[in-house]
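Naming convention: chains lettered A, B, ... in sequence-line order (proteins, then strands); numbering from 1 in each chain. Both backbone and side-chain heavy atoms feed into the values below; hydrogens, waters and symmetry mates do not.
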Amino acid sequence: MNAVLPIAREDLPVDAVALARFLLGKIVVRVWDEGSASGRIAETEAYLTGDEASHTFRGMTPRNRTMFGERGHAYVYLAYGTSFMLNVSSGAEGTGEGVLIRALEPITGLDLVKRNRGEAPIRDLMRGPGRLAKALGIDRRLDGVDLCEEGPLWLGSDGYTVPKIGVSVRIGISRDALRPLRFFIAGSRFVSGTVALNAAH
DNA sequence: AGTGCGATTGACT
DNA sequence: GTCAATCGCACTA
C-alpha cells in the first residue's frame, strides 16, 4: 500500500458538492496513544447553504459553528441521542457548508476498531455514519479538530482515484430531500443503504 | 421551562 | 418489514 499523506487545505475544494466528490477514495485516519485506525471514504453527502436539511439553515448556533469556520475541520454532532456523525466543514469562512461522511472501507487498525464496535462483519464495521464514528471512537470532543493536520483525526490520501462515482438523493432527511447530493464509490460493498440508485458520473 | 424531533442503529415480527 | 432507544438542541412562550 502506498504511503498515506495529509491533504493540504489548499487542495480541498471550497464548494461542498465538489468536496463531497473529492473526498471519495480519500482516507480518514484516527490516532490514539495505543495506535491508529483508518478507512477509505466510500460515501458522502453534501449539505449546502440555503439547504433546509442542513443544520446551518437557520444560521450559526453553538452546535454548528464549525460548519461556518475554515474548511477542512471536523463537525461532530450527536444524532438521535445515540449516534455521532462526522462531517468535514467546507465553503468559505463564514458560510455554513459541509460534507457528511457516511461510510468507510476499513483499512488499518481493525483490532482497535473491533474494540470499539464489537464483533461485526468487516463490511459492516464502518458502513453508516453512526457506525464509522463508533468504530473510530469519534465523539463531540473531536468537534473542531483540524483534519489537515496529523492530529487525533485527519484526512489523508494514498493517491487512489475513484473509477466511477454514483449519485443519489440523501438518506434519512425529510426536507429538501430530492436533490442529488449523495455521492458514493459505484459498486463498493462498503456503501450504506441502497446502492443502485441513479448511477452517474 | 417545556416540548418535539431528528443527517441512525440494532433488535425483533 | 416495523419499532423503540435516547438526549442534545432549537424553537416557543
Side-chain angles (χ1 to χ4, degrees), chain A residues 15-24 28 39 41-69 71-91 95-106 113-145 147 153 155 166-185 189-198:
Chain A
D15 174 73
V17 170
L19 180 64
R21 290 173 168 275
F22 173 88
L23 287 177
L24 291 176
V28 175
I41 299 173
E43 180 184 355
T44 60
E45 283 179 356
Y47 287 84
L48 313 176
T49 53
D51 175 356
E52 284 191 277
S54 174
H55 288 174
T56 61
F57 182 66
R58 293 168 198 283
M60 186 158 62
T61 68
R63 175 174 63 157
N64 67 25
R65 72 193 145 73
T66 62
M67 289 265 274
F68 288 88
R71 72 186 187 277
H73 291 254
Y75 168 48
V76 180
Y77 70 91
L78 181 65
Y80 296 101
T82 55
S83 303
F84 288 100
M85 306 281 134
L86 171 64
N87 302 255
V88 181
S89 66
S90 68
T95 62
E97 298 188 358
V99 174
L100 171 67
I101 309 299
R102 286 195 59 88
L104 304 178
E105 172 184 348
V113 164
K114 286 178 179 174
R115 186 188 298 177
N116 292 325
R117 275 278 286 135
E119 285 301 322
I122 302 284
R123 176 173 184 251
D124 294 336
L125 285 176
M126 304 179 182
R127 190 166 60 86
R131 290 170 175 171
L132 75 88
K134 186 174 183 187
L136 296 179
I138 293 169
D139 62 27
R140 276 302 297 266
R141 288 173 295 188
L142 291 170
D143 183 50
V145 162
L147 299 172
L153 185 66
L155 285 170
V167 184
S168 84
V169 297
R170 293 174 293 184
I171 305 288
I173 58 170
S174 51
R175 294 164 298 177
D176 212 334
L178 298 181
R179 284 197 279 175
L181 293 175
R182 172 175 174 254
F183 306 92
F184 52 92
I185 298 177
R189 297 166 16 247
F190 299 94
V191 170
S192 75
T194 306
V195 177
L197 302 169
N198 298 336

Ignoring hydrogens and angles, answer whether the base of B:dA7 and the side-chain atoms of A:Tyr77 contain a donor-acceptor pair closer than 3.5 Å.
-> yes

Reckon A:Ala53 touches a base, only the sugar-phosphate, or nothing at all at heavy-atom distances under 4.0 Å?
-> base

Looking only at heavy atoms, the pair that brings A:Asp124 and A:Arg127 closest together is OD1-NH2, 2.6 Å

Proximal nucleotide (of B:dA7, B:dG6, C:dG8) relative to the A:Leu78 side chain = C:dG8

A:Arg140 and A:Val76 have their tightest heavy-atom pair at CD-O, 2.9 Å

Return the stems involving DNA chain C, sorted by first number, where pairs are Watson-Crick (N1-N3 with N6-O4 or O6-N4) or G-U wobble (N1-O2 and O6-N3), both under 3.5 Å, and runs are 3 or more long.
-> B:1-6 with C:7-12, B:8-12 with C:1-5

Can you see which heavy atom on A:Leu48 is nearest to which on A:Leu181, and at what distance?
-> CD1-CD1, 4.0 Å

Shortest non-hydrogen contact between A:Met126 and A:Ala135, atoms and distance = CG-CB, 3.9 Å

Any residue of residues 128-140 of chain A with a heavy atom less than 4.0 Å from an atom of DNA chain C | A:Arg140

How long is the span from the CE atom in A:Met60 to the CE atom in A:Met67, to the nearest 0.5 Å?
-> 12.5 Å

Which of the following nucleotides, C:dA10, B:dA7, B:dT8, is nearest to the side chain of A:Ser54?
-> B:dA7

5'-most contact on DNA chain B (nearest-nucleotide basis), A:Arg117 vs A:Gly98, goes to A:Gly98

May I ask you to say what A:Leu100 touches in the nucleic acid, namely base, sugar-phosphate or nothing, with a heavy-atom cut-off under 4.0 Å?
-> base

Grab the two heavy atoms, one from A:Pro129 and one from A:Leu100, that are nearest each other, plus how far apart they are.
-> CB-CD1, 4.4 Å

Would you tell me if any nitrogen or oxygen in the side chain of A:Arg63 comes within less than 4.0 Å of OP1 or OP2 on C:dG8?
-> no

A:Tyr47 ring centre to A:Arg170 NZ or CZ under 6.0 Å, with the angle to the axis within 45°?
-> yes

Aro-ring/base stack A:Tyr47-B:dA7, d under 5.5 Å, angle under 30° | yes

Quick one: is B:dA7 close enough that its OP1 or OP2 comes under 4.0 Å of any side-chain N or O from A:Arg182?
-> no

Kindly confirm or rule out a cation-pi arrangement of A:Arg102 over A:Phe184, judged by NZ or CZ under 6.0 Å from the six-membered ring centre and within 45° of its axis?
-> no

